[in-house]
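Note sheet for the following structure.
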Protein chains: 2
Amino acid sequence: MTLVNASPRRKELIRIAARLFVEEGFDRTTVRMLAQAMGIKSGSLFHHFSDKQAILCAVIETGMQHALTLARSALADAGCSPSVRLDALARAHLETLLTERNAHVVALYEWRRLDAGSRDHLIHLRDAYESLWQKVVDEALEAGLIRGDRLLVRRFVLGALNWTVRWYDPAGPRSPEALARELIAMLSGPAFATGHVGRP
Amino acid sequence: MTLVNASPRRKELIRIAARLFVEEGFDRTTVRMLAQAMGIKSGSLFHHFSDKQAILCAVIETGMQHALTLARSALADAGCSPSVRLDALARAHLETLLTERNAHVVALYEWRRLDAGSRDHLIHLRDAYESLWQKVVDEALEAGLIRGDRLLVRRFVLGALNWTVRWYDPAGPRSPEALARELIAMLSGPAFATGHVGRP
DNA sequence: GTAAAAACCAAGCAAGCGCTCGTGTTAATT
DNA sequence: AATTAACACGAGCGCTTGCTTGGTTTTTAC
């Protein structure tokens, strides 16, 4: 049900759909608009997706898989220092938020439009991602790097990071890496704070 | 254009609309659904609002006015200690997020569905609110209470707070006041952290 | 008590919606 | 060369949408 038909063509269609869903919102994006942007007629759309909801589900799944893959690989490369791991995870989060921006924005804003079935399926991916974060946050707490309630820290940090899609300008003066570093510096003791703020 | 016709009847209609917009989303909420929930027929709706968009605008404005009023009164009562002011503002933010939850959720998720005119109008309210925050954040930075880039601090903190609408359960063990205190404790030095976490 | 104003209703229009279906048209497999 | 599967098309069905209209009831103001 998940990765059936991951052809390049289908991936491209999902990318296009993600863009339109962001620009117009899911409900205002008609199957005719989707089809036109894909260079086909509306009827042909339903050879690739069973219905409109399935496109939404595919878009969101793309973003979540990307986030998971990136986070896992970042952690694998990060060694075992809690502060490095936390920094790496925040960087990975901002990176996927940026490179798969459309998919993540759709996940954020159109989650409620998913039917129950799709939601159940995607919720497992979200849980896996959040427990990845929880583990790293727990390590940082145990190391005395930050302080606070473990659940609360995770939620506040992920909230602050996710909110960046509403204001972050990739063309601005700040790289995603610097952004991640500054957020963690805010939470940590002065030991973590470096003067390094601008782009290299 | 703003506060014309702030009759109790109209206020009630706006409350009902806010609830439906949260439950179903703006686009999926039909004028017939709105009318039924209000106890009238769909045609009569357009004696109160010029069109569907105007209802959305009214809902969002309600929430923003509430937030502004609450924040201003909280600051007026807070004296001039930066830490008290920051705490008061965070508490006020969570309080309006809770008591006008529907309106704020709509503002969060359906902002993009506003037409250009409404958006221009509401953007001024948002700017006023954010500059209120910016001032208090600046005071806290100057007092050495927290550290980081002034714009970034404001955005991260407001992001973390706004994100609470996605997970906070008012029936849970944590009061909004405790939540605000814990967030600020995360950002501040140990001087600010108190052991006080649970409900009184 | 009456006139003006505000609120409401029943009916329906034009447009747009998601989706289906029967029929080509390729492109790969045998 | 024949078969099959994948992809695309055009037409359109059945339904819902936001909103209008002309006329009636209720409330308000003097």
Side-chain angles (χ1 to χ4, degrees), chain A residues 1 3-60 106 110 112-119, chain B residues 1 3-60 106 109-119:
Chain A
M1 191 223 251
L3 290 177
V4 294
N5 192 3
S7 66
R9 173 73 171 148
R10 185 183 155 101
K11 287 217 162 197
E12 175 64 11
L13 298 185
I14 291 173
R15 278 186 62 84
I16 292 171
R19 205 193 68 232
L20 284 184
F21 288 165
V22 169
E23 285 171 6
E24 302 285 332
F26 177 71
D27 290 318
R28 283 171 127 79
T29 304
T30 70
V31 294
R32 287 167 179 82
M33 294 165 62
L34 287 166
Q36 191 178 11
M38 295 166 176
I40 56 179
K41 299 292 177 181
S42 70
S44 313
L45 232 179
F46 296 92
H47 276 273
H48 299 279
F49 303 96
S50 63
D51 57 13
K52 200 187 166 194
Q53 288 260 358
I55 310 180
L56 177 62
C57 182
V59 165
I60 296 181
V106 170
E110 314 288 357
R112 303 275 322 269
R113 275 68 175 175
L114 288 167
D115 58 62
S118 305
R119 203 150 40 201
Chain B
M1 191 223 248
L3 290 178
V4 295
N5 191 3
S7 65
R9 173 70 171 148
R10 186 184 154 100
K11 287 216 163 200
E12 175 63 11
L13 297 185
I14 291 173
R15 278 187 62 84
I16 293 171
R19 204 194 68 231
L20 284 183
F21 288 165
V22 169
E23 286 171 4
E24 301 287 331
F26 177 70
D27 290 318
R28 284 170 127 80
T29 305
T30 70
V31 294
R32 286 165 180 83
M33 291 165 63
L34 287 166
Q36 190 179 10
M38 295 166 178
I40 56 179
K41 299 294 177 180
S42 71
S44 313
L45 231 179
F46 295 92
H47 275 270
H48 299 279
F49 303 95
S50 62
D51 57 12
K52 199 187 165 193
Q53 288 260 358
I55 310 178
L56 178 61
C57 183
V59 166
I60 296 181
V106 170
Y109 284 97
E110 315 287 356
W111 178 266
R112 301 277 320 271
R113 274 69 176 176
L114 288 167
D115 59 63
S118 307
R119 202 149 42 201

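Across the protein-nucleic acid pair, B/Asp115 atom CG and D/dC19 atom P stand 11 Å apart, rounded to whole Å. One interatomic measurement links the two molecules: CG of B/Leu45 to C1' of C/dA10, which rounds to 15 Å at whole-angstrom precision. One atom, CD of A/Gln53, and another, C1' of C/dG18, lie 11 Å apart when rounded to the nearest Å. Atoms NZ (B/Lys52) and P (C/dA15) sit 19 Å apart, rounded to a whole Å. Atom-to-atom, CG of A/Asp27 to C1' of C/dG16 comes out at 14 Å; the value is rounded to the nearest Å. Distance A/Arg28 CZ to C/dA15 C1': 15 Å, rounded to the nearest Å. Between B/Ile40 atom CD1 and C/dA11 atom P there is a gap of 18 Å when expressed in whole angstrom units. Atom CG in A/Leu34 sits roughly 11 Å away from atom P in C/dC19 (whole-Å rounding).
When all heavy atoms are compared, the tightest approach of A/Ala37 to A/Ile16 is CB-CG2, 3.6 Å.
Backbone-only contact: A/Arg9 has heavy atoms under 4.0 Å from sugar-phosphate atoms and none from a base. B/Ser50 comes within 4.0 angstrom of nothing in the nucleic acid, heavy atoms only.
In this structure, the separation between NE2 on B/His47 and CD1 on B/Ile40 is 9.5 Å, given to the nearest 0.5 Å.
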side-chain contact (heavy atoms from CB on, under 4.5 Å) assessment of A/Leu34 paired with A/Leu20
CA-CA 7 Å; A/Leu34 287 166; A/Leu20 284 184; 3.8 Å; yes

Could you walk me through whether A/Ser118 and A/Leu56 pass side-chain contact (heavy atoms from CB on, under 4.5 Å), step by step?
CA-CA 9 Å; A/Ser118 305; A/Leu56 177 62; over 6 Å; no

Quick one: do A/Leu45 and A/Leu13 satisfy side-chain contact (heavy atoms from CB on, under 4.5 Å)? Show the steps, please.
CA-CA 9 Å; A/Leu45 232 179; A/Leu13 298 185; 5.8 Å; no

side-chain contact (heavy atoms from CB on, under 4.5 Å), that's the test. Do A/Arg28 and B/Arg113 meet it? Break it down for me.
CA-CA 9 Å; A/Arg28 283 171 127 79; B/Arg113 274 69 176 176; 3.8 Å; yes

Between the protein and nucleotides 10-16 of chain D, list the N/O to N/O atom pairs that are separated by less than 3.5 angstrom.
| from | atom 1 | to | atom 2 | distance (Å) |
| --- | --- | --- | --- | --- |
| D/dG12 | O6 | A/Arg32 | NH2 | 3.4 |

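In terms of position on DNA chain C, the residue among B/Gly39 and A/Phe46 whose nearest nucleotide sits closer to the 5' end is B/Gly39.
Put simply, A/His47 has no side-chain N or O that comes within less than 4.0 Å of OP1 or OP2 on D/dA5.
Inter-axis angle, ends of the helix from C/dG1-D/dC30 to C/dT29-D/dA2, five pairs per end, rounded to 10 degrees: 30°.
Side chains of A/Ile14 and A/Phe49 form a contact here, defined as non-hydrogen atoms less than 4.5 Å apart.
A cation-pi arrangement is found for A/Lys52 relative to A/Phe26, the charged atom lying closer than 6.0 Å to the ring centre and inside a 45° cone about the ring normal.
Remark: the backbone N or O of A/Gly25 is paired with a side-chain donor or acceptor of A/Thr29 at under 3.5 angstrom.
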